[in-house]
Structures are given as structure tokens and as C-alpha cells.
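Numbered from 1 within each chain, the chains take letters A, B, ... in sequence-line order.
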Amino acid sequence: MTDLAAEGSGLDPVRRQKLADLREAGRDPFAHERFEVTHHAAKIVAEFEALDGQTVSAAGRITSVRVQGKVAFLDITDTTGRIQLYARRDEVGDDLFDDIKHHTDLGDILGVSGFVFRTQRGEISIHVREWTLLAKSLRPLPFGKEYETDSGEEKHAGGLKDPEMRYRQRSVDLLVNRDSRERLLGRMKIVRAMRDYLDTHDYLEVETPVLQAMAGGAAARPFLTHHNALDTELHLRISLELYLKRLIIGGLDRVYEIGRVFRNEGMSTRHNPEFTLMEVYAAYANLDDMMALVEGMFRHICRALHGQENFSFQGQEIDLAPSFTRLPILEGIRLNAGVAPEELTTLELAHAVLTRLGLPTENEPTVGGIIEKLHEKFTQPTLIQPTFITEFPAETSPLAKKMPGNPALTRRFEIYMAGAELGNAFSEINDPIDQRERFAAQSDLRAGGDAEAHPMDEDFLRAMEYGMPPTGGFGGGVDRLAIILTDAPSIRDVILFPLLRPERG
RNA sequence: GGGUUGGUAGCUCAAUGGUAGAGCAUCUUACUUUUAAUGAGAGGGUUCCGGGUUCGAGUCCCGGCCGGCCCA
């Protein structure tokens, strides 16, 4: 059995020896397949009055051990919380008690049964009768210690702080850092609330292809891959839009998808190369209906997470209860950059504006692109409370209906909160001739070297040519919404396994 | 991609260019209601990797690897 304690495996030799000893004594922890849990930790605490003296069984990780002579106190933590165990040598026998002293470690997974009682110090506990080690932890887990200082201040010693290890080894982070766990669970709650809201409003959840011959519906560079059997290049989707609209054309009047999309771009505290997008489409609805949908859905999600319609992000109070502000993009630029809409009518004038403001003019071949740039630079940081920015330029909105009476602008909005863009909506183009012209304009940009310009999608156009009802659509980033609603410093804190450069070796 | 900052014991962190330390964790031991248990003792290091400067490098220089933050 000495090979089990061998060096060089990266495993703790002391723990390997303990495992070897347990196996030799016929108590191999890894031999167990299941364990009947009758009560979780939180339930035992919550229902103590009824359970006092009753026999329960529970399972979890050992998170603290305090042996005191011939008695031992341990804490196990399960998915609901922590419960204390109490064991006496004269009751459990020498073998088991010596296991507690010599063969168990923090992080081991334990199943116990015993009766519920309260210690002299008042802590609700399980008085151990039976004890089964269900798995041995062969690497030390960095459990910290929480305690109160003399002044009553809550402190934390040790633990896991290294961000690289928290993201790379999320299993450990989840076990050790309560706040990581809570925040990630909060994200799941957000997704569930989103589904609740859409389901109860008669939207049908669908699934559309991730592998696509052509990646459209957004301005972004796709990931490329290759299908061997068809011997063809495929793209990973960058949005959900065009397939969901095909379903609208197909007579599914209210559809949505919550799905992973992939954009081959930089990474930051706001960007992960794969992220979760929610898109929803409603036939016979317009932009204003989408605003109502977003307001209602955001409030519903906030209530599900926080129990109220306001919350704080990085110290700023954000209130979703009042009707969301509406601000045309050009009006925002006038207010925040001091640039009049008339100065943004031709490329020449718009370039002059950039020069006046000390901004570079190269790589800005369209007035629409310049308007969006000015908006991002001057208006966006001011948008703390929820705000709909409306009337985006047609040049940067190849899938949105034009404004009646002003073909340079579109029936489109973006929703902003806490200075971040959280979603994008249009009254969708349903005129296939208009749509073909927009794609053609994008193709010109693409030919000019803009890798993010929208490709000509003949298959989608053909579908639209059969007739598409007037439709409102909204798409929003789930991760970004989670960042803001859970007050996270980085997108990596709301994604279970964020992308990191692979470890070598 | 650029700037900046970091990588030291299992974890959290120290260490003027001069013997690599502490707390928690670990091991031994005492202790029959503890809870940051406590007392006594012990072990634990490729200072991210590779070069260079120096009598001497965790520390300074160059290159690389992997992160954080800011910017594009």
C-alpha cells in the first residue's frame, strides 16, 4: 500500500496514507454507491422543534473538526448549509472514533445518522450513532475560518482569493467561497425568472442551430469550424435572430430562446467569448410592445432575485419601479456631447465633429457608426437608471424598420442600466426588398474590409419573401444582466466556467 | 494588441541585494458539550520558468508562461 502514498502524484501523501489505512481496515470510502439522506442541514435547523430527539441522516463535506478528548465535534456542510455533529468515544466505539481522529480530513464527504439535539452551548446538532465515510478528499481544500474579533467585526482568515484559481478551479471556489456560490446561484435564478416571465406571457421556448453556414444577426466576428462528413466550413452562431425570425415566418407567433452564442473577440470584465443571449420575438407587435416586455421582465427578474424592484450596483441605487426613461440617440448626443443633430447628417460634417472633439476619424466610414461612437463615449456612461435609447441610425441597424418620415433612422432601441448596454430591440424589417437592400449595403462594407458587417443571407431572404408579419423583437445579454443584478465586478463572476487560457502541460 | 500590476509552504500573506518567515491548515500529544476550541511539541519551500548582473538574487536586468485591472 505504500504506492498509494507515493510522491509525485500531486496528491497529499498524508491523505493517501489515510485512505490506504482505511482500505486495509475494510472501510474503503470509495466502495459506497449511495447514501439515504433524510434531512438536509438547513431543514434540521429550521424544524428543530419537531425534530428534537428524532433520528435523521445527513451527508456533506467535513468543514471543521474539533476533537476534545473522548468527544468530538464536527461540522458538515451540505447544499443547504452547515450542521454540527457530536460523537462520543464510548458510544461510537474505538474504530470509528479513531477514524475521526486519524483518518478523516477537512473536505471528506461523510454520511451520518443520529438523533437531533441541542448542545449545552445551544447549538442544534446531530448526536452521531452511525458514520460512513463516503469519499476521501485527497487534496486539501482551502477552507478559511470565519470569526468575530473582540470588537464584533466579522473576519475571514485564509480561504481562496486568487482569481485565477477561483475561475480555473470553480469546484473549489464554490465549496469555499459562499459569496461566489450565492452570486452564481443568483444568475441561475435570473435565468429561471426570465423563463417564468416569458412562459407566462405565452412565448414558446425553442432551440435553433449553433452550427451555421453563415453567422448573422449581429455585428461580430464568428468562430470557424469544419464539418468532416459534409466537408464544409461552419460558423458558430453570433446571435439567435435569423432563425427565430424564420419561426415567426413559419407561424410560431411568440418564440424565444436562451442560448449560448460565440463571438471571436477580445475578453474583458464585460466580455466572454461565449455568452448567453436571450432573444424574443412577437408577431403583430412593435417596438413599444418590446419596451413594455423589457420593463415587465426586468422588474419580474429583479423581484425574483431581490424581493423588490430596486437594488444597488457598485454603490449606485438603481430603481426599476418607475417607467423607464426614453431618449432618442441624437438627443442624448446633443445633451452629453453638445453636438447638434444637424452636424451628424453627412460624413463630412460628422468627421469634422470627431476632429473638433479630438477623436480619430479613420475607421469611421459611416455617419451611423460615428453616431454610435459618440453615443457610447458621451451618453452611455450617464445612463445609470434604466433608459431606452431610441432611433438608431439605419446604417448600423440592418434588421430594423426605418422611422416613418426619416429613413436615416430606425425603429430600434437599446436598453441601458448602470452604464451598460443590456439589450437591443427593433420593429423588425418584414419587407424582403428593404431587407435585401440593407444586406447589400452591409456586403459593401464587408467588401471594404469590415469583418463585422452582416453577410448576405439568401436563405433568410427567401423565407422572408414568403411573407413575414410585422414583428417586434428583443435580444439581451443574460450575463450582463446578471453582472448588474448581482453586483458582480466581472462577467467571470457570473459564468460558472469562464474562458481562460489553457494551462500548459 | 498596448499600459499597469501580480505569481513565495495546501491557503492568505510577510521578507533594505546578505541564514526564506507568520497565521490558518497538516502531523504527534493532552483534554467527555466544543465552536476562531485550548495547551505542549513537530514537519513542511524548484520563491512560476529560463537566462544575466553580483562575492551573494525571492529581491536588480532581459526573455518566456499564467493571471488581475485599465485602455484599444
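By the 4.5 Å heavy-atom criterion applied to side chains, A/L85 and A/I62 are not counted as neighbours. Using a 4.5 Å heavy-atom threshold, the side chains of A/H127 and A/R88 count as touching. Counting only heavy atoms from C-beta outward, the side chains of A/L134 and A/L110 never approach each other to under 4.5 Å.
Rounded to an integer number of Å, the gap from CZ of A/R270 to P of B/C70 is 8 Å. One can place CG of A/D90 at 11 Å from P of B/U33, the figure rounded to the nearest angstrom. In this structure, the NZ atom of A/K136 is 11 Å from the P atom of B/U26, given to the nearest Å. As a whole-Å value, the separation of A/D162 CG from B/G68 P is 10 Å. Atom CD of A/E503 and atom P of B/C48 are 16 Å apart (whole Å). Atom CD of A/E164 is separated from atom C1' of B/G68 by 10 Å (rounded to the nearest Å). Note: CG (A/D108) to C1' (B/A25) measures 14 Å, nearest angstrom. To the nearest angstrom, P of B/U12 lies 7 Å from CE of A/M165.
Side-chain contact, A/T379 with A/R334: no donor N or O sits under 3.5 Å from an acceptor N or O.
The side chain of A/Y86 lies closest to B/U33, out of B/C66, B/U33, B/U32. Looking at the side chain of A/L500, the nearest of the listed nucleotides B/C27, B/C66, B/G68 is B/G68. When distances run from any side-chain atom of A/T269 to the nucleotides B/C31, B/U26, B/C69, the shortest one goes to B/C69.
Not less than 6.0 angstrom separates the ring centroid of A/H235 from the ring centroid of A/F223.
Annotation: B/U59 and B/G6 have their C1' atoms spaced 15 Å apart (nearest Å). Only the P atoms considered, B/A72 is 32 Å distant from B/U12, to the nearest whole Å. Between the C1' atoms of B/U5 and B/G50, the separation comes to 22 Å (whole Å). Nucleotides B/A30 and B/C69 are separated by 49 Å at their P atoms, to the nearest Å. Distance check on atom C1': B/A20 versus B/A14 gives 10 Å, rounded to whole Å. For B/U26 and B/G45, the C1' atoms lie 15 Å apart once the distance is rounded to whole Å. Separation of the P atoms belonging to B/C48 and B/A9 is 8 Å when rounded to the nearest angstrom. To the nearest whole angstrom, the two P atoms, one in B/A22 and one in B/G41, are 14 Å apart.
Base pairing of B/C24 is made with B/G10, judged by Watson-Crick or G-U wobble geometry with both donor-acceptor distances under 3.5 Å. Remark: B/C69 base-pairs with B/G3; criterion is Watson-Crick or G-U wobble with both hydrogen-bond distances under 3.5 Å. When both distances must be under 3.5 Å, the Watson-Crick or G-U wobble mate of B/U38 is B/A30.
One cannot find a donor-acceptor pair under 3.5 Å joining the base of B/U32 and the side-chain atoms of A/Q68. Judged by atom type and distance alone, A/Q84 reaches the base of B/U34 through a side-chain donor-acceptor pair under 3.5 Å. For B/U34, the base has a donor-acceptor partner in the side chain of A/T119 [N/O atoms by modelled type, under 3.5 angstrom].
Within 4.0 Å of A/H102, counting heavy atoms only, lie sugar-phosphate atoms of the nucleic acid but no base atom. Residue A/R492 is classed as a sugar-phosphate contact, given heavy-atom separations below 4.0 Å to backbone atoms only. Across all strands, A/D75 comes closer than 4.0 Å to no nucleic acid atom at all (heavy-atom distances). Residue contacts for A/R15: at a heavy-atom cut-off of 4.0 Å it reaches no nucleic acid atom on any strand shown. Across all strands shown, A/R501 has heavy atoms under 4.0 Å from sugar-phosphate atoms exclusively, and none from any base. Counting non-hydrogen atoms under 4.0 angstrom, A/F117 reaches a base of the nucleic acid. Using a 4.0 Å heavy-atom distance criterion, A/L141 is classed as making no nucleic acid contact. Using a 4.0 Å heavy-atom criterion, one finds that A/S268 contacts no nucleic acid atom at all.
Judged by distance alone, with hydrogens and angles left aside, the side-chain atoms of A/S239 form a donor-acceptor pair with the main-chain N or O of A/G216 at under 3.5 Å.
Within a 6.0 Å radius of CD in A/E130, other residues, nucleotides and ligands contribute 12 heavy atoms or fewer.
Between A/R88 and B/U32 there is no side-chain polar atom (N or O) within less than 4.0 angstrom of OP1 or OP2.
For A/S490 and A/R121, each mapped to the nucleotide of RNA chain B holding its nearest heavy atom, the one lying further toward the 5' end belongs to A/R121.
Note that A/R89 lies outside the cation-pi zone of A/F97, set by a 6.0 Å cut-off to the ring centre and a 45° limit from the axis.
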